[in-house]
Amino acid sequence: MKVGIVIFPGTNCDMDTYHALKIVGLKPVYLWHKEHDLKDVDLVILPGGFSYGDYLRAGAIARFSPIMREVVDFANKGGYVLGICNGFQILLEAGLLPGAMLPNITNSFICKEVYLEVLNNNNFFLRRYSKGEIIKMPIAHKEGRYYISQKELEELKENNQIVLKYFGENPNGSIESIAGIINKRGNVMGMMPHPERAVELFLGSQSGINLFLSFLDEE
Amino acid sequence: MGVFGLREEEIKHAIKVLGREPNDLEWSVISVIWSEHCSYKHSRKYLKEFLTKAEWVEQGPGENAGIINLGDGYRIVFKIESHNHPSAVEPFQGAATGVGGIVRDILALGARPIALLDSLRFGPLNKGRNKYLFEGVVGGISFYGNCIGVPVVGGEIVFEECYSSNPLVNVMCIGLLTPDQKSYRGRAEGEGNLLLLVGAKTGRDGLQGASFASEKLDEEVHKKRPSVQVGDPFLGKLLIEACLEAASLDGIIGIQDLGAAGLVSALSESARRGKSGVELILDNVPQREENMSAEEILLSESQERMLLVVRPEKIDKVIEVFRKWDLEASIIGKVISKERFVVYFKGEKIVDLPTELLVEGSLIFDPPYTPYEVPSISSDLYNSIKEEHIANFVEVLVEDLLIKESIYRKYDYSVQTNTILPPGLGDSAVLRIKGTNKGIAITTDGNGRYCYLDPRKGAIYSVAEACRNILCVGGRPLGITDGLNFGDPSDPKVFYQFREVVKGINLASRVLEIPVVSGNVSFYNGQGENTIYPTPIIGMVGILEDINYLITPGFKKPGNLVYLIGDLSWLSLGGSRFIKDIFNKVVGDVPWVDLIWERKLKLFWEEIRKEKGILLSAHDVSEGGLLATFLEMAFWGNRGVRVDLPDDKIEYLVGEGSGIVVEVEREGEREFLERLGKYALKAIKIGEVTDNEFVISPYIKTTLSELFKRR
Amino acid sequence: MKKWTVILEIFLKDGIFDPQGKTIKDALHNLGFKEVEEVRMGKVLKIDIYGDNKNEVFEKIKKMSEIFLANPVTEDFNIRVEEE
Amino acid sequence: MKKWTVILEIFLKDGIFDPQGKTIKDALHNLGFKEVEEVRMGKVLKIDIYGDNKNEVFEKIKKMSEIFLANPVTEDFNIRVEEE
Ligand SMILES: Nc1ncnc2c1ncn2[C@@H]1O[C@H](COP(=O)(O)OP(=O)(O)O)[C@@H](O)[C@H]1O
Ligand SMILES: [Mg+2]
């Protein structure tokens with residue numbers, strides 16, 4: 001599978017994501033925010049960081065980048081898109097996923113390892129995990145409190161769109177402990193935790209590796 | 001503005017050397033660059049004494065940062081810098097711009113910043129503005145560091161009365177040069193090469209920042225403070241990426257950051273280093289505000305700017321890189337062969353001064369100094385120590401762990417995916433170097449209480465402690481960056497402290513063979529009654545030639561043996577955390593430290609760390625004595641310990657001093673002792689790792705779960 | 001065209017917890033200002049903008065707010081146009 | 001005692017660089033709103049507070065701002081008291 005990593009001004013997890021993909025044997029390409037070319041990739045990753053400094057609101061400015069027009073088209077045609085942390089925030093701002101992010105309930109940045117429960121593995125991104133599996137991954141964000149209206153929340157639940165929940169402590173106050181969601185069609189996923197920081201044991205956890213392994217072509 | 005902050009003799013000196021009376025603007029230029037902050041006029045003579053060379057040192061002091069070689073083409077760049085004065089006035093922005101500033105020093109060598117450490121000192125949180133300052137500073141570091149994606153992997157926090165209203169904010173940055181990267185110097189040379197100013201536009205921010213940092217912070221200064229500098233981490237991040245991309249091109253001769261005294265110091269210093277001169281066209285500096293005067297443009301300390309010296313034929317390619325990142329890039333002048341700093345504005349030549357006069361021409365001051373006496377621990381105090389004090393002290397130490405955690409949780413310490421030993425979990429942070437088996441260990445250490453009680457011994461102790469901290473995680477110490485924080489140098493006691501501290505650092509660094517490759521000096525911190533303790537911060541970097549040498553401090557397995565390398569009799573209450581926290585006194589003789597012993601320990605350790613499985617965990621004895629050491633090893637390993645102290649001397653429990661506690665397996669005990677013997681090092685068996693039991697007899701009998709209920 | 005100054009205030013919707021406001025309220029109570037009942041914190045933008053008349057400027061800012069400056073899921077905004 | 005609502009706006013002092021405002025302005029230009037000349041971003045607090053009269057409430061908020069809510073070195077503030 002050909003994977004593209006978008007670089008917005010202020011993105012800072014692009015190289016980490018590249019490194020994680022390299023570990024599973026993929027050779028991703030970088031996509032530049034000013035361009036309109038997705039370089040024929042099969043999957044677009046919007047990595048973490050502080051696009052435009054997170055000024056105004058996380059993701060609010062990046063979503064107007066030229067490349068985002070192509071990403072939206074690509075997603076609408078069924079292309080795979082994964083947003084991690086700031087990438088998730090951008091997907092929300094761009095309307096590719098429902099809801100919004102609010103500042104953490106602690107009123108501060110939080111960097112720590114958290115536990116997640118895989119609620120739905122019946123999709124492209126999480127198919128290598130089992131349903132109910134508990135995994136460990138770091139979070140590092142200031143605006144990670146997921147919010148959505150009650151009505152839309154019901155919809156998310158009905159369609160099994162909540163794919164990852166914080167297990168145990170809900171670090172940032174997200175509604176229903178939501179850590180990751182997917183769109184109805186199952187091709188656009190966003191998550192606040194950083195799987196790319198959990199691919200080597202000596203970094204604390206390897207539970208992110210299965211996500212990246214799922215991008216390998218099936219034999 | 002003309003002359004400001006200069007003494008009569010300095011004014012006369014300038015006129016004499018120049019052979020004429022400088023004009024108003026030239027006086028301003030001379031005044032800022034001869035400020036303490038830029039000219040090091042009280043410290044230069046002493047800093048020259050340092051050991052600065054070793055086989056592995058590629059760049060020592062004198063550049064924007066030092067470089068040490070890790071082998072195979074990998075090099076580590078590092079420096080520490082203080083931002084005390086700005087943080088006292090506006091803690092959030094002061095600390096944020098402190099981070100931005102040190103990051104650009106690293107960037108100037110062409111290296112990618114890969115880690116930050118913050119060494120912080122505040123007054124007690126329950127008094128005055130201290131809580132506000134503390135929260136602002138931590139917020140500012142978190143704001144800037146997280147946004148630029150450079151992990152804050154370690155640091156220190158100390159609360160002490162003397163830092164009330166004059167906090168210390170020292171930030172150390174570490175950069176990496178990979179085999180394919182060139183390293184740069186802050187050098188302007190080669191007649192006709194172009195001066196390219198990149199990054200942010202120039203505004204009126206931080207005018208006179210350098211001289212402000214060279215003054216006492218009294219009420220007056222608070223009122224007439226210079227306009228505050230505001231950090232823009234977003235732009236800072238773009239500047240990092242753009243500079244690194246440009247640095248990979250051909251045709252760049254030198255790179256220099258713009259810090260204190262803005263264009264004046266960046267240009268004159270790089271010209272001086274390159275044995276050349278510069279001709280600056282001030283009109284070409286992109287300005288953020290209207291009607292800026294020549295002086296304002298020249299002295300502005302606007303953040304997020306860098307200077308590149310570029311060959312004319314490559315200039316377009318370089319400018320293109322900055323355009324790609326939406327940054328300013330303007331040719332503001334050129335290198336000339338005459339060693340002069342020449343400035344044009346609106347067609348007129350308005351400054352023409354020799355670079356030698358600016359950069360090395362200031363008078364050197366060597367003020368008088370006097371030693372002073374400090375009280376010892378009275379027998380009344382000693383005899384009044386009761387059992388309940390120990391229980392209170394346990395509370396204090398547990399609280400300490402929680403405060404530290406509340407800080408580093410606000411820093412992104414895992415970005416860049418290299419942090420193997422994150423903050424709060426060890427004596428040093430450990431990072432792996434991608435593409436190799438290597439790792440680096442990094443720490444900052446300083447002990448103002450010791451340095452106040454005995455400046456020379458305190459400084460020696462700080463270097464030895466930093467060294468032990470690198471050893472404890474399995475590293476071999478390679479270099480020091482020292483952040484020297486002091487009061488007013490014209491106070492003879494303060495100058496005595498300064499001289500002694502420098503001597504102490506020098507001695508320790510020579511005996512331990514760890515050279516000083518960069519550093520920073522900050523004077524005028526507090527005054528009179530409110531002068532800060534002399535507070536040298538030792539930043540140290542070591543190498544793990546193989547990341548498998550990593551040793552972590554958490555206890556590993558119940559049944560394993562616990563040894564103290566060192567001697568219980570070395571532990572002392574003088575200057576200890578215990579006496580300070582329980583009796584609110586800073587008194588006594590600071591702990592004994594023997595550099596020859598420390599050197600042997602270092603040699604022993606550099607060998608044994610390579611044997612997998614002998615040392616299972618290690619942690620040095622520092623603040624809080626063995627009690628703190630055991631608490632932390634238990635806390636981090638989630639295991640208990642049963643210790644039998646040979647005597648109920650309180651020093652054994654909470655006294656401080658040299659020493660490392662290690663965990664060894666029963667099967668490894670013989671080997672461990674033999675190797676110790678080889679280096680004639682002493683060690684005593686003092687306990688055993690347990691499951692949940694936490695006992696230090698005859699003082700403490702409890703359980704892990706009981707101790708860390710609040711975790 | 002005239003120049004106008006617009007003040008745009010953006011607050012979290014009622015009912016959404018505002019941790020910043022809460023932190024500030026607690027701090028004010030600690031400082032002794034117990035008469036403070038609630039604090040909500042928002043963003044405010046001061047926008048200098050050219051336009052022919054007040055109404056046009058208002059509509060323009062409204063549009064910017066709807067598509068960009070405020071997030072419709074979580075935020076409410078209000079606009080005040082002042083002549084320079 | 002009556003209940004009042006106070007709107008407190010806090011902006012960086014003129015002349016102090018406001019990176020957020022600048023970045024937002026650039027974004028608005030990219031979106032085609034070229035008529036925007038400048039943007040400054042600040043904080044706004046909505047404070048519900050008990051007090052006897054408008055003047056007393058005003059003075060109290062002024063005091064809070066001076067000692068805590070705003071930083072006198074870098075920020076200016078203005079206060080609007082509204083009866084509930
Ligand atoms: N205490 C010290 N020990 C060693 N070197 C020092 C010390 N203080 C300053 N230096 C060196 O002096 C030079 C000037 O320091 P500084 O003015 O802090 O640099 P910059 O302007 O790049 O921030 C640097 O090379 C620095 O490493
Ligand atoms: Mg420098």
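Numbers restart at 1 for each chain; the letters A, B, ... are given by sequence-line order, proteins then strands.
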Turns out that what part of A/Leu56 lies under 4.5 Å from chain D's heavy atoms comes down to both
Heavy-atom count check: over 12 atoms from other residues, nucleotides or ligands less than 6.0 Å from [X] [atom1]?
| X | atom1 | answer |
| --- | --- | --- |
| A/Phe167 | CZ | no |
| A/Lys157 | NZ | yes |
| D/Phe33 | CZ | yes |

Between chain A and chain D, which N or O donor and acceptor atoms come closer than 3.5 Å?
residue: A/Leu56; atom: N; partner: D/Gln20; partner atom: OE1; Å: 3.0

According to ring-ring contact (aromatic ring centres under 6.0 Å, His included), does anything in residues 68-102 of chain A pair up with another residue at least two apart or in another chain? List the pairs.
A/Tyr80-A/Phe124, A/Tyr80-A/Phe125
